[in-house]
Amino acid sequence: MRFYNTFSKSKEEFIPQNPPTVSFYTCGPTVYDYFHIGNARSFIMADVLRRYLEYKGFKVKFVMNLTDVDDRIIKKSIDEKKPSHVVSDFYANAFFEDINLLKIKPATVFPKATQHVSEMIEMIRELEERGVAYNVDGNVFYDVSKFTDYGKLSGKNIEELSAGARVEVNDNKKNPLDFALWKKAKEGEPSWDSPWGKGRPGWHIECSAMSSKHLGETIDIHAGGNDLIFPHHENEIAQSEAAHNHKFVKYWIHFGFLNINEEKMSKSLGNFLTAREILKKYSAEAIRLFFLQTYYGGPLNFSFNLLAAAEKGVEKIKNLAEKIESEIKKDDNIGLVPDFNIKYYYDEFEKVMDDDLNTPQACAVIFDFIRSANKIISETESLHVSFFIDLKKFLTETAENVFGIIHFEELYKKSAQLDGKLINLIIDLRTKLKKEKNFLLADSIRDELNKIGIELKDGKDSTTYKFK
RNA sequence: GGCGCUGUACCCAAGUGGCUUAAGGGGAAGGUCUGCAAAACCUUUAUUCGUCGGUUCGAAUCCGACCGGCGCCUCCA
């Protein structure tokens, strides 16, 4: 298995430090608003990567943080005249609801920044002791000039960045590129006691502190959106490696952006659609398939037409899944066991997924599988139940467990709901027959339903039923 | 300006030296099945991979130049 590592800018064989365990950290949401469909891409692709590692037999410790103290949360709390934690709790809950709807597997741990302030303070103290952090009147900054490798992830160097002049001017900083580890409290902001006085942590320090607490000082995989490469991940490296003195992350994996009208979808541009909104019109499966049909690292343009096309693809999978379920119920033990090389599809699926998570190709394998299966079904009179069990197994292990683009359990739920509707439909038709005094056919319907376990009871002006 | 990604059919999108005279999904056209419809299956839909040169027995795939799109360099998945 190999992945494109942003750090080396090349595909690298994946060898975790302590197999079969894999430590995997991914940057989660800042909970100041509902997350948008572009954020959803990162969350879903991280989810699929995690699921695939599990498919391969790894034991994945998957950590996704929630940033619940931040300028934007504070701004919103002021605008809405609510305490900061009320805002962050509200959107944290919304986040959990939305990832659940998107069928994203919950992380092993969802650490929150506000619950790790003491760890962050401890880490900042270490950085101070090592002479890479400095305190200016209660604000603590990281001194990037003290970290010789600064810029190694993003391929930038300090001179060029300084020349860029887009960096915020702050008289307190020695160097414009230095970033805040600890921010002095302002009136009305959430704050914590610290060796530097009351204040709150800077943004970057939380990921360094929480990842080392939950996953150790060197982690196998760290993932996130492309825009986090600089400065966020660069700063995480600077903090963690200066504090711990060894490598922070083995494999850096970054997800491409979702564009809308060929332009990046982002909160700051205001051109975003929330995942929540889109889920009202399209299934989670369609959204997931839409993302999976393109390589995770590249850009992807969003449109409802493309989502509708993905929804059709999902229908295709579902149609076969429903066929499989009904055939398994029939439990045919005498039919033909066709010559179907199912192992080929497993091998292909793994082969392409092992090569930097080629999900588009893997989708092609699944659709090839579906076409072959359908072909056999359409050409064969009666098929042995074992064939359908094999089909279900493959789809469950790949399309369901790794991709989350089909959910067999939900087919059952749907059919349970349908049962009631169907019986009522039959009762309505039978009522018409009774009115037409076609009692022969009406009685025959009652008898036949009785035989399959449904008892009809004709009341004065309505008919009820129960399962025997 | 620096760094990174990217240009493949009507749309989306894999493939990065011979297995591919280019996967898969959607769309369109025709057919099989069918009382009708749906589903499913079959056939067709890129002699061609932004443009122009070069390397090679062989290139979408490597090299060079040019043209275009996007992102990061400031909070952002």
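Sequence lines set the chain letters: A, B, ... in the order given, protein chains first and strands last, and positions in each chain run from 1. Everything quoted here is computed from the prediction, not taken from an experiment.
- With both ends at atom C1', the span from A13(B) to C49(B) equals 13 Å, rounded to whole Å.
- In terms of phosphate contacts, K75(A) brings no side-chain nitrogen or oxygen within less than 4.0 Å of OP1 or OP2 of C75(B).
- The partner of C41(B), taking Watson-Crick or G-U wobble pairs whose two distances both stay under 3.5 Å, is G31(B).
- Checking G18(B) for Watson-Crick or G-U wobble geometry (two distances, each under 3.5 Å) identifies C57(B) as its partner.
- Counting to the nearest Å, the C1' atom of C12(B) and the CG atom of N259(A) are 14 Å from each other.
- Between the side chains of T359(A) and Q293(A), no donor N or O sits under 3.5 Å from an acceptor N or O.
- In the set G26(B), G4(B), A14(B), the nucleotide with an atom closest to the side chain of A309(A) is G26(B).
- Rounded to whole Å, atom C1' of A77(B) lies 15 Å from atom CD1 of I253(A).
- The CD-P distance, from E348(A) to A14(B), rounds to 18 Å in whole Å.
- Between N226(A) and C5(B), a side-chain N or O to OP1/OP2 separation shorter than 4.0 Å is absent.
- Here U16(B) presents its P atom at 8 Å from CG of D355(A), a figure rounded to the nearest Å.
- In summary, the side chains of S326(A) and E322(A) do not present any donor paired with an acceptor at a separation below 3.5 Å, with no hydrogens or angles considered.
- Nearest heavy atoms, D149(A) versus E234(A): O-OE2, 4.3 Å.
- Between the CD1 atom of I37(A) and the OG1 atom of T274(A) there is a distance of 8.5 Å, given to the nearest 0.5 Å.
- Ranking A14(B), C72(B), C41(B) by closeness to the K375(A) side chain, first place goes to C41(B).
- In this model, the phosphate group of C41(B) is approached by a side-chain N or O of N374(A) to a distance below 4.0 Å at OP1 or OP2.
- Comparing T294(A) and S372(A), the nucleotide of RNA chain B nearest to each residue sits closer to the 5' end for T294(A).
- Checking C11(B), C72(B), A40(B) against every side-chain atom of L306(A), the shortest atom distance belongs to C11(B).
- Residue S42(A) is classed as a base contact, given a heavy-atom separation below 4.0 Å to a base.
- U43(B) and G4(B) are spaced 45 Å apart, taking the P atom of each and rounding to whole Å.
- With values rounded to the nearest 0.5 angstrom, K421(A) atom NZ is found 14.5 Å from I426(A) atom CD1.
- The partner of G24(B), taking Watson-Crick or G-U wobble pairs whose two distances both stay under 3.5 Å, is C12(B).
- Atom C1' of G68(B) sits at a distance of 30 Å from the matching atom of G58(B), rounded to the whole Å.
- Not one side-chain nitrogen or oxygen of Y32(A) sits closer than 4.0 Å to the OP1 or OP2 atom of C75(B).
- Residue-level contact check: F367(A) touches the backbone only, with heavy atoms under 4.0 Å from sugar-phosphate atoms and none from bases.
- Regarding E327(A), its CD atom lies at a distance of 15 Å from the P atom of A40(B), rounded to whole Å.
- H233(A) and H254(A) share a side-chain donor-acceptor pair at under 3.5 Å.
- In this structure, NZ of K316(A) is placed 12 Å from C1' of G27(B), rounded to the nearest angstrom.
- In this structure, G38(A) reaches the bases: a heavy-atom distance under 4.0 Å links it to at least one base atom across the strands shown.
- Using P as the reference atom, C63(B) and U56(B) are 16 Å apart when rounded to the nearest Å.
- Per the geometry, CG belonging to L269(A) stands 11 Å off C1' belonging to G71(B), to the nearest Å.
- Counting only N and O atoms by type, the side chains of Y134(A) and D178(A) include a donor and acceptor under 3.5 Å apart.
- At a threshold of 4.0 angstrom between heavy atoms, the contacts of A364(A) include nucleobase atoms, whether or not backbone atoms are also involved.
- For the 3.5 Å distance criterion, the side chains of Y55(A) and E350(A) qualify, holding a donor opposite an acceptor.
- Residue contacts shown for D368(A) are limited to sugar-phosphate atoms, with no base heavy atom under 4.0 Å away.
- Here M265(A) lies in heavy-atom contact (under 4.0 Å) with a base.
- When the C1' atom is used for both C33(B) and A40(B), the distance is 9 Å, rounded to whole Å.
- In this structure, K312(A) reaches the sugar-phosphate backbone alone: every heavy-atom distance under 4.0 Å involves primed, P, OP1 or OP2 atoms, never a base.
- A donor-acceptor pair under 3.5 Å is absent between the side-chain atoms of E311(A) and the main chain of A286(A), judged by distance alone.
- If you check every strand for non-hydrogen atoms under 4.0 Å, S266(A) touches a base.
- Atom OH of Y150(A) is separated from atom P of G2(B) by 20 Å (rounded to the nearest Å).
- Of the P atoms belonging to C75(B) and G69(B), the separation is 27 Å, rounded to the nearest Å.
- Residue contacts shown for F369(A) are absent, as no nucleic acid heavy atom lies under 4.0 Å away.
- Here N39(A) lies in heavy-atom contact (under 4.0 Å) with a base.
- Only the C1' atoms considered, A9(B) is 12 Å distant from G27(B), to the nearest whole Å.
- When the C1' atom is compared between A39(B) and U34(B), the two are found 11 Å apart, to the nearest whole Å.
- Using a 4.0 Å heavy-atom distance criterion, E262(A) is classed as a sugar-phosphate-only contact.
- Contact annotation for N358(A): backbone-only contact, meaning every heavy-atom pair under 4.0 Å involves sugar-phosphate atoms and none involves a base.
- Mapping K9(A) and C363(A) onto RNA chain B via the closest heavy atom, the residue that lands nearer the 5' end is K9(A).
- Contact annotation for F35(A): no contact, since no heavy-atom pair falls under 4.0 Å across all strands.
- Of the listed nucleotides (A14(B), G24(B), G71(B)), A14(B) has the atom at the smallest distance from the side chain of Q361(A).
- P29(A) comes within 4.0 angstrom of nothing in the nucleic acid, heavy atoms only.
- Pairing partner, G1(B): C73(B), with both Watson-Crick or wobble hydrogen-bond distances short of 3.5 Å.
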